[in-house]
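FYI, side chains are in, hydrogens and waters are out, and symmetry mates aren't considered; it's all heavy atoms of this structure. Counting starts at 1 for both ligands and their atoms, following the listed order. In this text, all values refer to a predicted model and were calculated from it rather than measured experimentally.
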Amino acid sequence: MTAWQQLARGLADEVEADGATAWRDALESVPRHVFVPRFYVQHADGGWTETTSRDDGWMTAVYRDRPLVTELATTPEGHRVTVSSSTKPGLMVRMLEALDLHAGHRVLEIGTGTGYNAALLAHRLGSEQVFSVDIGASLVNAARARLTGLGLAPTLAATHGADGWPQHAPFDRIIATCSLPQVPWAWAEQVSEGGRVLVDLKPSVHAGNLVSLTRHADRLEGRFLPRWAGFMAIRDEDSAPETLVPAVDLDEGTRSATRLDPLPWSSLVPWFLAQAALPGEVAFGYRGDKAVFSTNDGSWASIGLKPDDTGEREVRQGGPVRIWDAFEAAQRTWDELGRPNWDRLGLTVTPDGRHRVWLDAPASGIGWDLR
Ligand SMILES: C[S@@+](CC[C@H](N)C(=O)[O-])C[C@H]1O[C@@H](n2cnc3c(N)ncnc32)[C@H](O)[C@@H]1O
């Protein structure tokens, strides 16, 4: 057994600490190091360090159950931001399990990235069953070369994944390894009835989760996965994504106080449910000692990061929609419902673009329409 094979076995053991997986053989057989010849680690000051195959520790790092940033791009403002990464293998396997793949299934992956997941799929299903697209042309070229070098030949293309890949439809499964604000109906049209779509639905940053949807004649419908995960957001161009930063005058607006923590990831489910009351994607950022939210209709809210001695934080809000009030209302509803977690939430998507989130069952009568 070679060094990488031993490391890959260790990776499979690490992933299986969460429970045995039918993907063990793929984890042991596909050399992750081929797909991650370099990765980047960000420091507290925002700078990045590159580790390549020439560096000590590269090989062992690649076979840990960790996500690795593999591609950076520079924004017009000169910031280097992540545009591609190799997903944490344990998460990848959790998603592949949720896809319930069987021999003979045709799969479309949105977000080829390094090509590692396409390789896992091709190893298990056969190359001819696997299709994968990425907006990044150089990413697709590099992935193709790595796959070919291993004797794998899934069909790849550099294209916008929101369109799916109609030329190769129908698929039995579509898996997206980037997050989307909405599930494109084009995907439903390219999935056979009874087939599945697995996607990280996030109308705003951190607001949403992976959802596994089954294709019915007139809708996509299914449940959110019990554990939260976050993927990088879909980009519209093969370049650094535009970062939504709140641009508001914080001196204006009404004042109030809150006892809630303003960081979206401290209340993931209510933050998601609040989206139903908000007019589109919410930008989130920091301004000094405040968390700031805004939407492009001019609504905004700022909340103190640190509570005062009584546990309260100052809230200021302006614009047509009170973003923080919407979040507090969602939090109250969620409390009244007994704080349901992701495993009690599901989603129905219809051809008119409606995204209906429901509690427990589609006809339970408790639900939220995303905008
Ligand atoms: C987390 S990475 C994917 C990891 C990949 N599955 C792997 O195994 O390495 C997310 C990928 O989504 C891609 N992406 C972003 N916007 C996209 C779009 N509009 N269409 C297709 N892919 C997109 C990014 O370029 C990035 O490579």
Side-chain angles (χ1 to χ4, degrees), residues 8 11 15 23 26-27 30-40 62-63 65-75 81-96 98-99 107-125 130-147 150 152 154-166 168 171 173-184 186-187 190 197-202 205 210 229-243:
L11 172 62
V15 168
W23 290 85
L27 286 171
V30 175
R32 194 182 186 209
H33 68 278
V34 169
F35 295 91
V36 188
R38 64 173 55 74
F39 63 84
Y40 301 88
V62 165
Y63 285 98
D65 187 19
R66 300 256 170 83
L68 293 168
V69 172
T70 49
E71 189 81 11
L72 301 173
T74 305
T75 64
V81 296
T82 306
V83 287
S84 194
S85 61
S86 176
T87 307
K88 184 177 190 276
L91 169 58
M92 210 62 262
V93 162
R94 205 153 37 96
M95 291 172 70
L96 293 170
L99 271 185
V107 184
L108 172 63
E109 178 191 35
I110 313 296
T112 313
T114 64
Y116 179 64
N117 188 46
L120 296 176
L121 285 164
H123 174 82
R124 180 99 188 266
L125 298 174
V130 181
F131 301 80
S132 181
V133 300
D134 202 293
I135 193 96
S138 61
L139 294 171
V140 170
N141 288 337
R144 189 180 285 115
R146 293 165 188 155
L147 288 156
L150 295 171
L152 298 169
T155 311
L156 308 185
T159 179
H160 200 312
D163 301 330
W165 202 351
H168 292 286
F171 303 103
R173 303 287 187 263
I174 294 183
I175 174 173
T177 57
C178 51
S179 74
L180 280 89
Q182 291 187 331
V183 185
W187 294 1
Q190 294 170 38
V197 171
L198 178 61
V199 53
D200 184 18
L201 175 72
K202 293 228 166 56
V205 63
L210 293 167
F231 277 84
M232 62 182 62
I234 194 162
R235 311 179 260 150
D236 284 329
E237 311 278 347
D238 185 4
S239 56
E242 211 181 298
T243 320

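- Counting the atoms of ligand 1 from 1 in the order shown, those under 4.0 Å from a heavy atom of Thr87 are 1 (C), 4 (C).
- Nearest heavy atom pair, residue Lys202 against residue Ala229, reads NZ-O, 2.7 Å.
- Nearest residue to atom 8 (O) of ligand 1 from Asn117, Leu121, Thr82 is Asn117 (criterion: closest heavy atom).
- Looking at heavy atoms from C-beta onward, Asp134 lies in side-chain contact with Arg235 at the 4.5 angstrom threshold.
- If you number the atoms of ligand 1 from 1 as listed, the ones under 4.0 Å from a heavy atom of Thr159 come out as 20 (N), 21 (C).
- Considering only heavy atoms from C-beta on, Lys88 comes within 4.5 Å of Asp65 through its side chain.
- An N or O contact shorter than 3.5 Å links Glu109 to ligand 1 by distance.
- Atom 4 (C) of ligand 1 has its nearest heavy-atom neighbour, among Ser85, Ser84, Ser86, in Ser85.
- For ligand 1, the atoms sitting less than 4.0 Å from at least one non-hydrogen atom of Leu139 are 25 (O), 27 (O), numbered in the order shown with element in parentheses.
- The shortest contact between atom 9 (O) of ligand 1 and any protein heavy atom is with Thr114 OG1, 2.6 Å.
- Using the six-membered ring where Trp is involved, Trp165 and Phe131 have ring planes that are perpendicular, over 60° apart on the 30 and 60° scheme.
- Note that OG1 of Thr114 is 9.5 Å distant from CG of Leu68, once rounded to the nearest 0.5 Å.
- Looking at Thr177, Asp236, Thr112 and measuring to atom 1 (C) of ligand 1, the nearest heavy atom belongs to Thr177.
- The shortest contact between atom 19 (N) of ligand 1 and any protein heavy atom is with Arg235 O, 2.7 Å.
- Nearest protein heavy-atom contact of atom 13 (C) of ligand 1 is Asp134 OD2, 3.3 Å.
- Put simply, the side chain of Ile110 reaches to within 4.5 Å of the side chain of Trp187, judged on heavy atoms.
- Each of the atoms 16 (N), 17 (C), 18 (C), 19 (N) of ligand 1 lies under 4.0 Å from some heavy atom of Ile234.
- Residues Ala143 and Gly115 come closest through the heavy atom pair CB-CA, 3.8 Å.
- For ligand 1, one of its N or O atoms has an N or O atom of Gly111 under 3.5 Å away.
- In this structure, the side chains of Arg173 and Leu198 stay at 4.5 Å or more apart for every pair of heavy atoms.
- By the 4.0 Å heavy-atom criterion, Leu120 is excluded from the residues contacting ligand 1.
- Between Gly161 and ligand 1, a contact under 3.5 Å exists for at least one N or O pair.
- For atom 22 (N) of ligand 1, the nearest non-hydrogen atom from the set Ile135, Val36, Leu91 belongs to Ile135.
- Leu139 has its side chain out of reach of Thr112: every pair of non-hydrogen atoms, C-beta onward, lies at least 4.5 Å apart.
- Contact check for Leu11 versus Pro89: side-chain heavy atoms found under the 4.5 Å cut-off.
- Residue-level proximity to ligand 1 for Thr70 is absent, since no heavy atom of it falls below 4.0 angstrom.
- Within the 4.5 Å cutoff, the side chain of Phe231 has heavy atoms near those of the Thr87 side chain.
- Nearest protein heavy-atom neighbour of atom 24 (C) of ligand 1: Val83 O, 3.4 Å.
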